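Treat the numbers as computed from the prediction; the structure is a model and nothing was measured.
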Amino acid sequence: MAAPAHHSLPALRTKPKAIFFTDFDGTITLQDSNDWMTDNLGYGAAPRKQGNMDVLHRGRPFRDVFQEMLDSVATPFDRCIELLLQNVQLDPAFKEFASWCRANNVPIVVLSGGMQPVIRALLAHLLGEEEAAVMQIVSNDVKARPGKSINEENGWDIEFHDDSSFGHDKSLEIRPYAALSDRPVLFYAGDGVSDLSAAKETDLLFAKAGRDLVTYCEEQNVPFTVFQDFSDIHKIVADVVEGRTSVQQAATGSK
């Protein structure tokens, strides 16, 4: 039974004590690549922020809001990548955390509402090819519009991961791990509305201070631990994995 499970659940391959699921944009990175494109190349920050409020408070599907955001960006895809590499920075503590995870057999699984080529390019640029190559990434993708190339004006479109209202329902990746009777500790880190589908699925949720995910967790009474950067996460994950604290003790909310 173990081999098929490991085949379908790749993070189990090394029989880890814990798995660290994480959002990418605005969590691993300081800037959200999709927000940056929308604000600087698309219809701007004001309608984007209104869209997020519509998702949080009015029940509008994230998929629809995200599609509108990216539809507003006409810049060729290769130029978008070039600009993102110049403007998106890594959380200053993430590289050390990723190295610790690798050394301590804690797989990092990136669950992103963003697009695979953007994430791959940014991780390789910011983290290094070798470190980025070992991370599993589950995300949306990019596709050419009919009759166009992605590298021409108005040439690309997002290709959603699934048919859900999120475009990528992150809970679908986590739940098979959570359903195992004998399983690792599951962590998740996120910051915004694309993380709502994952918020209730793991043993310990890290929500970035001052962001929409904190608002959601407080309104829905979802236990969470707030973080400023990955140095906060690193300390708590190490304490849990090494037995110095429990996930229940770590879920302290914003206090």
Problem - Test side-chain contact (heavy atoms from CB on, under 4.5 Å) applied to Arg48 and Ser72, step by step - result: CA-CA 10 Å; Arg48 173 184 63 77; Ser72 76; over 6 Å; no
Practice task
Using modelled atom types only, decide if a donor and an acceptor are shared between the side chain of Ser231 and the backbone of Ala93 within a distance under 3.5 Å.
Solution key: no
Exercise for the section: Could you check if a side-chain atom of Pro16 sits within less than 4.5 angstrom of a side-chain atom of Asn104, using non-hydrogen atoms only? Expected result: no
Practice task
For Tyr177 and Glu201, run side-chain contact (heavy atoms from CB on, under 4.5 Å): C-alpha distance rounded to whole Å, both residues' side-chain angles, the deciding distance at 0.1 Å, then the answer.
Solution key: CA-CA 10 Å; Tyr177 292 94; Glu201 302 299 330; over 6 Å; no
Exercise for the section: Taking the side chain as every heavy atom from C-beta outward, state whether Ser112 and Asn140 have any atom pair closer than 4.5 Å. Expected result: no
Handout entry: Student check: side-chain heavy atoms of Leu111 and Ile137 closer than 4.5 Å
Key = no
Handout entry: Side chain Thr29, main chain Asp32, donor-acceptor under 3.5 Å
Key = no
Exercise for the section: Without swapping roles, check the side chain of Lys148 against the backbone of Trp156 for a donor-acceptor pair under 3.5 Å. Expected result: no
Handout entry: Gap between atom NE2 of His125 and atom CG of Leu127 - 0.5 Å precision
Key = 11.5 Å
Problem - Note: Asp23-Lys208 ion pair, threshold 4.0 Å (strictly below) - result: no
Handout entry: Inter-residue atom distance Glu218.CD - Leu213.CG, 0.5 Å rounding
Key = 10.0 Å
Practice task
For His161 and Val138, indicate whether the former's side chain and the latter's backbone hold a donor-acceptor pair under 3.5 Å.
Solution key: no
Problem - Where Leu41 and Cys80 come nearest, the two heavy atoms and their spacing - result: CD1-SG, 4.1 Å
Handout entry: Side-chain heavy atoms of Val185 within contact of Val241, under 4.5 Å
Key = no
Exercise for the section: For the pair Lys235 and Asp239, evaluate salt bridge (Lys or Arg N to Asp or Glu O under 4.0 Å) and give the outcome as yes or no after the intermediate values. Expected result: CA-CA 6 Å; Lys235 181 181 185 307; Asp239 282 349; 3.1 Å; yes
Exercise for the section: Look up atom OG in Ser171 and atom CG in Leu196, then write down how far apart they are to the nearest 0.5 Å. Expected result: 11.0 Å
Practice task
Show the numbers, then the answer: is there a salt bridge (Lys or Arg N to Asp or Glu O under 4.0 Å) between Glu82 and Arg79?
Solution key: CA-CA 5 Å; Glu82 183 182 335; Arg79 178 59 177 157; 2.7 Å; yes
Handout entry: Check: Ala250 main-chain N/O paired with Thr225 side-chain donor or acceptor under 3.5 Å
Key = yes
Practice task
Identify the two heavy atoms, one from Leu30 and one from Pro92, that lie closest to each other, and give their separation to 0.1 Å.
Solution key: CD2-CD, 4.0 Å
Practice task
Return the orientation label for the Phe187 and Phe20 ring planes: parallel under 30°, perpendicular over 60°, tilted otherwise.
Solution key: tilted
Problem - same_hphob_cluster(Val134, Val237) at 4.5 Å side-chain heavy-atom cutoff - result: no
Problem - Residues in side-chain contact (heavy atoms from CB on, under 4.5 Å) contact with Glu153, at least two apart in sequence or another chain - result: Ala74, Pro76
Handout entry: Residue pair Phe230, Phe206: steps toward the side-chain contact (heavy atoms from CB on, under 4.5 Å) verdict
Key = CA-CA 10 Å; Phe230 264 85; Phe206 295 98; over 6 Å; no
Exercise for the section: Could you tell me which non-hydrogen atom of Ser33 sits nearest to which non-hydrogen atom of Leu84, and how far apart they are? Expected result: O-CD2, 3.6 Å
Problem - Step-by-step salt bridge (Lys or Arg N to Asp or Glu O under 4.0 Å) determination, Arg102 to Glu130 - result: CA-CA 11 Å; Arg102 195 171 178 188; Glu130 184 181 350; 3.5 Å; yes
Practice task
Look only at the side chain of Asn151 and the backbone of Asp78, and say whether a donor-acceptor pair between them is shorter than 3.5 Å.
Solution key: yes
Practice task
Of all the heavy-atom pairs spanning Pro107 and Thr14, show the shortest one and how long it is.
Solution key: CG-OG1, 4.2 Å
Exercise for the section: Show the numbers, then the answer: is there a side chain to side chain donor-acceptor pair (under 3.5 Å) between Ser139 and Gln116? Expected result: CA-CA 6 Å; Ser139 69; Gln116 184 101 198; 3.0 Å; yes
Problem - CG-CG distance between Leu90 and Leu122, expressed to the nearest 0.5 angstrom - result: 9.5 Å
Handout entry: Spacing of CG belonging to Asp162 relative to CG belonging to Asp169, to within rounding of 0.5 Å
Key = 6.0 Å
Practice task
Establish, from distance only, whether the side-chain atoms of Gln50 and Asp54 form a donor-acceptor pair under 3.5 Å.
Solution key: yes
Problem - Reference residue Tyr188; test side chain to side chain donor-acceptor pair (under 3.5 Å); the match among Asp195, Asp203, Thr22, Thr202 - result: Asp195
Exercise for the section: May I ask whether Leu172 and Phe62 are part of the same hydrophobic cluster, defined by side-chain heavy atoms of I, L, V, M, F, W, Y residues being less than 4.5 angstrom apart, directly or through others? Expected result: no
Practice task
Grab the two heavy atoms, one from Pro117 and one from Val142, that are nearest each other, plus how far apart they are.
Solution key: CG-CG1, 3.6 Å
Exercise for the section: Give the intermediate values and the outcome of side chain to side chain donor-acceptor pair (under 3.5 Å) for residues Gln67 and Asp157. Expected result: CA-CA 9 Å; Gln67 182 75 60; Asp157 193 8; 2.9 Å; yes
Practice task
Report yes or no: is the cationic atom of Arg63 (NZ for Lys, CZ for Arg) closer than 6.0 Å to the six-membered ring centre of Phe160, at no more than 45° off its axis?
Solution key: yes
Problem - Partner set under side-chain contact (heavy atoms from CB on, under 4.5 Å) for Ala98, not counting sequence neighbours - result: Phe94, Ile108, Glu131, Met135
Problem - Derivation of the side-chain contact (heavy atoms from CB on, under 4.5 Å) call for Trp36 and Asp25 - result: CA-CA 10 Å; Trp36 191 94; Asp25 284 293; over 6 Å; no
Practice task
Starting at NE2 of His234, measure out to SG of Cys101 and round the result to the nearest 0.5 Å.
Solution key: 7.0 Å
Exercise for the section: For residues Ser149 and Phe77, determine if any side-chain heavy atom of one lies less than 4.5 Å from a side-chain heavy atom of the other. Expected result: no
Handout entry: Neighbour count above 12 (heavy atom, 6.0 Å) for Glu242 CD
Key = yes
Exercise for the section: Report yes if some heavy atom in the side chain of Tyr216 is under 4.5 Å from a heavy atom in the side chain of Phe224; otherwise report no. Expected result: no
Handout entry: Presence of salt bridge, Asp71 and Arg145, under 4.0 angstrom
Key = yes
Exercise for the section: Using a 4.5 Å cut-off on heavy atoms from C-beta on, say whether the side chain of Ile28 contacts that of Asp91. Expected result: no
Fill in the blank from the handout: Scanning both residues in full, the closest heavy-atom pair of Pro184 with Ile19 reads CG-CD1, 3.9 Å
Handout entry: Side chain proximity check, Pro223 to Leu205, heavy atoms < 4.5 angstrom
Key = no
Practice task
Carefully, step by step, assess Arg60 and Glu68 under the rule salt bridge (Lys or Arg N to Asp or Glu O under 4.0 Å).
Solution key: CA-CA 12 Å; Arg60 192 166 180 221; Glu68 287 177 2; 2.6 Å; yes
